Amino acid sequence: MNRTILISGASIAGPSLAYWLTRYGFKVTVVEKASHLRGGGYPIDIRGTARDVVERMGLMARLRRLHVDTRRITFLDTDGSVLTSLRPEAVTGGAEGLDLEVRRGDLADCLYGLVGDKAEFLFGDSIAALDDRGGHVEVTFDSGARRAFDLVIGADGLHSNTRGLAFGPEERYHRYLGFCFAVFTLPNELGLEHEAVLWNTPGRAAALYAQESGDRVYGFLTFAQDEPPFAAFRIPRAQRDLVAATFPDTVWEIPRMVAAMREAGDLFFDIVSQIHMPAWSTGRVALVGDAAYATSFMSGQGSSVSLVGAYVLAGELATHRSDHAAAFAAYEKTIRGFVERNQALATEGGSALAPRTRRHLDARNAMLRGDTALRTRAEGRSAVTSLDLPDYEHALGS
Ligand SMILES: Cc1cc2nc3c(=O)[nH]c(=O)nc-3n(C[C@H](O)[C@H](O)[C@H](O)COP(=O)(O)OP(=O)(O)OC[C@H]3O[C@@H](n4cnc5c(N)ncnc54)[C@H](O)[C@@H]3O)c2cc1C
């Protein structure tokens with residue numbers, strides 16, 4: 001009988017999984033590299049099936065209060081003139097009035113609030129080594145502590161430590177989508193409120209995003225790049241130089257954004273990539289969320305997929321308590337198709353948010369002008385991202 005479970009990572013997938021596992025009577029430990037729960041952060045959407053999951057967690061009322069409520073997206077032409085303004089649902093495929101948009105940190109905080117006193121949390125530590133002995137897993141932590149667990153689950157994100165230890169290097173599973181992005185905050189000089197403004201030229205996008213009426217906004221600079229700029233990852237200055245050199249434009253707010261990016265204390269620079277793995281478990285170790293199947297921010301579905309993945313993994317472990325191999329197989333069988341459909345949205349989403357060529361940009365703009373075509377496409381998108389959620393009520397209290 002599997003009883004003790006170690007989860008690596010306390011963001012979205014980790015605490016969700018911990019919540020469901022403790023409800024099903026497992027003894028859960030969560031190890032998080034950061035010294036405390038990481039707050040703040042960019043807004044994420046909770047859509048479709050993931051809404052059912054947070055409803056089942058009893059979080060809906062609280063998340064509604066935290067809803068960021070983006071009211072419009074304004075698209076700009078390459079010369080900075082306005083193409084059109086739309087409700088965000090017309091682009092994202094969400095349902096007006098039904099989607100939830102919250103800060104990633106607020107969602108993590110809500111999830112932690114559900115389980116912080118029911119699971120053991122080890123902040124400021126990380127798994128240094130894993131030894132799957134067949135009947136249990138021996139874990140050595142960075143702190144030097146050594147403990148045994150029945151199962152270990154990696155929920156430690158795109159650059160997962162658990163994946164590296166149990167499945168091998170990230171290069172094997174990593175799929176670069178051909179874009180880089182920089183996110184940072186800057187003064188809200190345009191007085192934006194609950195809205196985003198997006199400027200495009202082929203292969204490049206610049207956006208300002210105001211979650212509410214405040215004196216700061218998020219700036220996003222996204223650009224196509226054939227090869228990932230690995231050298232720039234090691235040198236923060238080189239990241240800023242690369243982004244600045246890619247945006248020499250003198251239109252709209254670009255010069256001010258580039259200047260702010262150069263000075264930003266909160267700059268986050270990364271490549272847009274996904275994780276594709278032939279299997280999400282090996283022996284007594286499995287992965288969930290971005291660690292297993294990152295969909296990339298261009299899909300807009302990463303947190304939703306993580307919430308659904310954690311719910312299903314916990315439900316299957318509770319259903320197959322003495323047979324983790326059967327549980328892991330059922331977890332994959334239930335959501336692999338759903339995950340793949342969501343991953344497929346990223347290239348589509350990428351082409352809507354940052355069309356790569358003049359032809360793609362012109363086609364996107366034509367769709368924006370004829371709002372209906374875009375809406376139909378968005379509705380199709382919403383349909384492929386939903387899943388008939390299994391019910392694991394039978395496992396409660398067992
Ligand atoms: C700019 C941006 C915008 C996005 N927008 C959206 C959106 O609109 N909608 C959406 O659904 N998704 C969006 N996403 C994606 C979303 O944030 C992720 O898909 C989601 O957070 C995945 O959750 P996770 O828990 O699997 O991983 P993460 O949120 O990456 O969390 C991993 C956790 O593991 C911890 N960790 C890392 N290494 C270790 C270690 N060695 N030991 C212990 N702990 C470790 C980290 O500190 C972190 O707490 C966006 C992402 C970005 C970057």
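Excluded from the calculations below are hydrogen atoms, water molecules and symmetry mates; all remaining heavy atoms, backbone and side chain alike, are included. In this text the structure is predicted, and so the values were computed from the model without any measurement. Atoms within a ligand are numbered from 1 in the order they appear, just like the ligands themselves. We number each residue from 1, following the sequence as shown.
- Applying the 4.0 Å criterion to heavy atoms of P43 picks out, from ligand 1, the atoms 5 (N), 8 (O).
- Remark: minimum distance from atom 49 (O) of ligand 1 to any protein heavy atom is reached at E32 OE1, 2.7 Å.
- Protein heavy atom at the shortest distance from atom 43 (C) of ligand 1 is K33 N, 3.1 Å.
- For atom 19 (O) of ligand 1, the candidate residues are L165, D290, V305; the nearest heavy-atom contact is made by D290.
- Heavy atoms from other residues, nucleotides or ligands lying under 6.0 Å from CG of D388 number 12 at most.
- Judged by a 6.0 Å distance limit and a 45° cone about the ring axis, R336 is not positioned over the six-membered ring of Y293.
- Taking atom 52 (C) of ligand 1 as the reference point, the nearest protein heavy-atom neighbour is Y42 CZ, 3.4 Å.
- Short contacts between ligand 1 and G302, defined as distances under 4.0 Å to a heavy atom of the residue, involve ligand atoms 10 (C), 11 (O), 12 (N), 19 (O).
- Distance alone, capped at 3.5 Å, places no donor-acceptor pair between the H194 side chain and the T70 backbone.
- Listed for the R284 side chain is no donor-acceptor partner under 3.5 Å among the backbone atoms of V137.
- Contacts of S160 with ligand 1, taken as heavy-atom pairs under 4.0 Å, are absent altogether.
- Ring geometry, F220 versus Y218: the interplanar angle falls from 30° to 60°, so the pair is classed tilted.
- What sits closest to atom 30 (O) of ligand 1 on the protein, heavy atoms only, is G157 CA, 3.6 Å.
- Listed by atom number, the atoms of ligand 1 under 4.0 Å from S306 heavy atoms are 22 (C), 23 (O), 26 (O).
- With atom 20 (C) of ligand 1 as the reference point, the heavy atom nearest to it among G105, S303, S11 is part of S303.
- Looking from atom 8 (O) of ligand 1 to the surrounding protein, the closest heavy atom is D45 OD2, 3.3 Å.
- The cationic group of R321 lies under 6.0 Å from the six-membered ring centre of F26 and within 45° of the ring axis, placing it in a cation-pi geometry.
- Side-chain contact of R104 with S11: a donor-acceptor pair under 3.5 Å is present, judged by distance alone.
- Between I46 and L307, some side-chain heavy-atom pair lies under the 4.5 Å cut-off.
- The only member of R172, R175, R163 that meets side chain to side chain contact (heavy atoms under 4.5 Å, CB included) when paired with I275 is R163.
- In terms of protein heavy-atom proximity, atom 37 (C) of ligand 1 is nearest to D156 O, 3.6 Å.
- The atoms of ligand 1 that sit less than 4.0 Å from any heavy atom of S126 are 40 (C), 41 (N), 42 (N).
- Closest to atom 25 (O) of ligand 1 among all protein heavy atoms lies A13 N, 2.8 Å.
- If you check which protein heavy atom lies closest to atom 9 (N) of ligand 1, you get G300 O, 3.1 Å.
- Distances below 4.0 Å separate heavy atoms of V31 from the following atoms of ligand 1: 43 (C), 44 (N).
- The option from I44, I275, L111 that lies nearest to atom 13 (C) of ligand 1, judged by heavy atoms, is I44.
- When each atom of ligand 1 is checked for a heavy atom of I12 under 4.0 Å away, the hits are 21 (O), 23 (O), 25 (O).
- Between the side chains of Y392 and E316, at least one donor N or O sits under 3.5 Å from an acceptor N or O.
- The residues D362 and R358 are annotated as salt-bridged, a charged nitrogen and a carboxylate oxygen being separated by less than 4.0 angstrom.
- Heavy-atom contacts of A155 reach the following atoms of ligand 1: 32 (C), 33 (C), 34 (O) (cutoff under 4.0 Å).
- Using modelled atom types, one finds a donor on one side chain and an acceptor on the other under 3.5 Å when comparing S143 with D125.
- Remark: ligand 1 atoms within the under-4.0 Å shell around heavy atoms of Q301 are 10 (C), 11 (O).
- Here S296 has no heavy atoms under 4.0 Å from ligand 1, in either its backbone or its side chain.
- There is a path of hydrophobic side-chain contacts, each under 4.5 Å, that joins F268 to L177.
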